[in-house]
2 protein chains.
Amino acid sequence: MAPRTRAEALSRDRIVEAAIELLDADGERGLTFKTLTERLATGSGAIYWHVPNKNALLADATASVIAGALTVQDTGSPRDEIRAIALGLFEAIDRHPWLSAQLAVQLSRSPWGSATPRIFESIGRRVSALGVPEATWFTATSALTHYIFGAAGQNAANARVLDGGVDRAEFLHAAANAWEELDSGEFPFMKSIAGQVREHDDREQFLTGVDLILTGITARSPG
Amino acid sequence: MAPRTRAEALSRDRIVEAAIELLDADGERGLTFKTLTERLATGSGAIYWHVPNKNALLADATASVIAGALTVQDTGSPRDEIRAIALGLFEAIDRHPWLSAQLAVQLSRSPWGSATPRIFESIGRRVSALGVPEATWFTATSALTHYIFGAAGQNAANARVLDGGVDRAEFLHAAANAWEELDSGEFPFMKSIAGQVREHDDREQFLTGVDLILTGITARSPG
DNA sequence: ACCTGAACACCGTTCAAGT
DNA sequence: ACCTGAACACCGTTCAAGT
């Protein structure tokens with residue numbers, strides 16, 4: 001995390017880029033005006049000349065990463081494209097775990113701010129191409145979008161634990177064992193699925209969920 | 001927001017209760033040690049005697065509200081009970097909009113902390129009673145859980161805008177109009193669903209989504 | 001127009017001192 | 001055992017002054 005020389009002039013883009021690097025390295029607490037000015041070799045006032053405040057910077061960082069994840073090849077199969085977008089977002093959140101909390105916070109601040117409509121648009125366009133009734137488009141797109149963020153967030157949270165040098169198989173075993181030892185009166189379900197957790201593949205499991213929702217969407221009027 | 005007289009002794013429960021009231025009134029920025037000590041007519045050190053830090057306090061507040069929302073009557077129909085739990089969580093987030101961001105933040109801090117397993121257990125138990133293959137339980141429960149939080153969060157975010165004295169019908173009209181005026185090259189889908197948004201009922205729309213996922217879950221092996 | 005960096009208000013946490 | 005409140009370290013934001 002060595003501070004860079006200030007070769008080029010400061011710009012909104014360079015600031016956002018530096019912010020993303022700091023967020024990736026240390027999560028949300030890694031991004032402060034102190035760490036940011038050190039990395040950019042400048043003063044806090046210089047940042048404020050290009051960016052109105054920290055929330056706007058976080059919003060920009062989020063939008064920048066999401067935009068990168070939403071670009072998908074046209075394959076002619078809306079179902080495949082939805083799976084590709086879902087996997088792209090899943091991997092973006094995997095690489096930038098701070099994204100999932102940020103998306104939630106930003107949603108609560110401005111419901112239809114920059115990130116949400118783009119994601120809705122990208123997925124919704126393919127949903128509408130599935131050939132299901134128009135009345136179901138909004139609900140279907142919501143279900144897919146929320147599942148993607150929720151599942152990806154859960155996965156990113158798990159992945160963080162593994163960052164601490166913990167071995168993956170070891171972690172899953174430990175989690176499964178812990179679940180199996182839960183009180184059977186209070187947590188019978190958690191106990192029963194402990195075995196499944198032990199050796200599942202995150203991406204495969206995630207895509208199975210996407211398929212489950214796609215099945216629900218097309219169950220009554222196949223496209 | 002008048003400070004209370006300190007009639008009874010301080011306790012973790014009273015502190016959590018006060019925290020929830022402050023969060024409900026002004027969101028996350030409404031809860032600081034200053035507002036909390038004022039309301040409880042005490043000093044910051046007194047709080048720290050009962051609670052280790054602010055994060056733990058937020059976790060307790062979240063767990064307390066979630067626990068209240070998860071109690072559901074046994075009806076004998078797992079499908080109905082899942083709908084009831086979903087609606088209960090939806091309404092809890094509606095009443096306490098800070099919940100959705102909190103759940104995301106806490107998930108990223110400790111993946112299987114107090115709130116998540118209880119919700120998983122409560123929904124998962126009913127999913128397993130649907131009569132679908134055991135291999136699908138975990139994915140199905142994930143899909144439901146994530147949809148519930150995502151949709152409820154979106155709704156709570158919308159509701160906040162309405163708190164500013166804005167009329168609901170007016171807001172939906174404004175949103176729909178804004179979407180209809182989006183660039184048709186960039187946002188054709190958002191434009192196409194603008195009409196649906198204008199007069200939908202939030203709860204009904206939400207439950208339709210739950211049904212969609214339940215359909216996906218049971219599509220291949222009906223229970 | 002763009003940048004510096006000291007100053008300000010605010011916040012979570014600690015701790016020596018009290019009862 | 002439980003509480004007080006001053007002190008500390010840190011953080012986002014502002015702004016007069018510089019180039």
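On a predicted model such as this, the values are computed, not experimentally measured, just so you know. Below, read A as the first sequence line, B as the second, and so on, with proteins coming before strands; counting in each chain starts at 1.
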### Task
Pull out every residue in residues 46-56 of chain B that has a heavy atom closer than 4.0 Å to any atom of DNA chain C, ordered by number, or say none.
Tyr48(B), Asn53(B), Lys54(B)

### Task
Would you give the length of the straight line joining atom OG1 of Thr145(A) to atom CD1 of Ile213(A), rounded to the nearest 0.5 angstrom?
9.5 Å

### Message
Could you check whether the side chain of Thr42(A) and the base of dT4(C) have a donor-acceptor pair of N or O atoms closer than 3.5 Å, going by distance alone?
### Response
no

### Query
Between Ser11(B) and Ser44(B), who's closer to the 5' end of DNA chain D by nearest nucleotide?
Ser11(B)

Looking at [Y] and [X], is there a salt bridge between them, counting it only when a charged N and a carboxylate O are closer than 4.0 Å?
| X | Y | answer |
| --- | --- | --- |
| Arg198(A) | Glu180(A) | yes |
| Glu91(A) | Arg203(A) | yes |
| Arg125(A) | Glu81(A) | no |
| Asp24(B) | Arg95(B) | no |

### Query
Counting side-chain heavy atoms from C-beta on, which of dG12(D), dC3(D), dA6(D) comes nearest to Thr32(A)?
dG12(D)

### Task
Could you check which of dC11(C), dC3(C), dT13(D) has an atom nearest any side-chain atom of Lys34(B)?
dC11(C)

### Query
By side-chain contact (heavy atoms from CB on, under 4.5 Å), which residues pair with Ala56(B), not counting sequence neighbours?
Val51(B), Pro52(B), Asn53(B)

### Task
Enumerate, in order of first residue number, the stems that involve DNA chain D, defined as 3 or more consecutive Watson-Crick or G-U wobble pairs with both distances under 3.5 Å.
C:4-8 with D:12-16, C:12-16 with D:4-8

### Summary
So the ring-ring contact (aromatic ring centres under 6.0 Å, His included) pairs with at least one residue in residues 24-64 of chain B (sequence neighbours excluded) are Phe33(B)-Tyr48(B)

Nearest-Å distance for atom pair [atom1]/[atom2], residues [X] and [N]:
| X | N | atom1 | atom2 | answer |
| --- | --- | --- | --- | --- |
| Phe33(B) | dT4(D) | CZ | P | 14 Å |
| Leu36(B) | dG5(D) | CG | P | 15 Å |
| Leu57(B) | dC11(C) | CG | P | 15 Å |
| Leu10(A) | dC2(C) | CG | C1' | 9 Å |

Sequence neighbours left out, cut at 3.5 Å: what donor-acceptor pairs do the side chains of residues 146-157 of chain A make with other protein atoms?
from: Tyr147(A); atom 1: OH; to: Phe206(A); atom 2: O; distance (Å): 3.1
from: Asn155(A); atom 1: ND2; to: Asp94(A); atom 2: OD1; distance (Å): 3.2

May I have the list of side-chain donor-acceptor pairs in residues 181-189 of chain B shorter than 3.5 Å, sequence neighbours left out?
from: Asp183(B); atom 1: OD2; to: Gly185(B); atom 2: N; distance (Å): 3.2
from: Asp183(B); atom 1: OD2; to: Glu186(B); atom 2: N; distance (Å): 2.9
from: Glu186(B); atom 1: OE2; to: Arg118(A); atom 2: NH1; distance (Å): 2.9

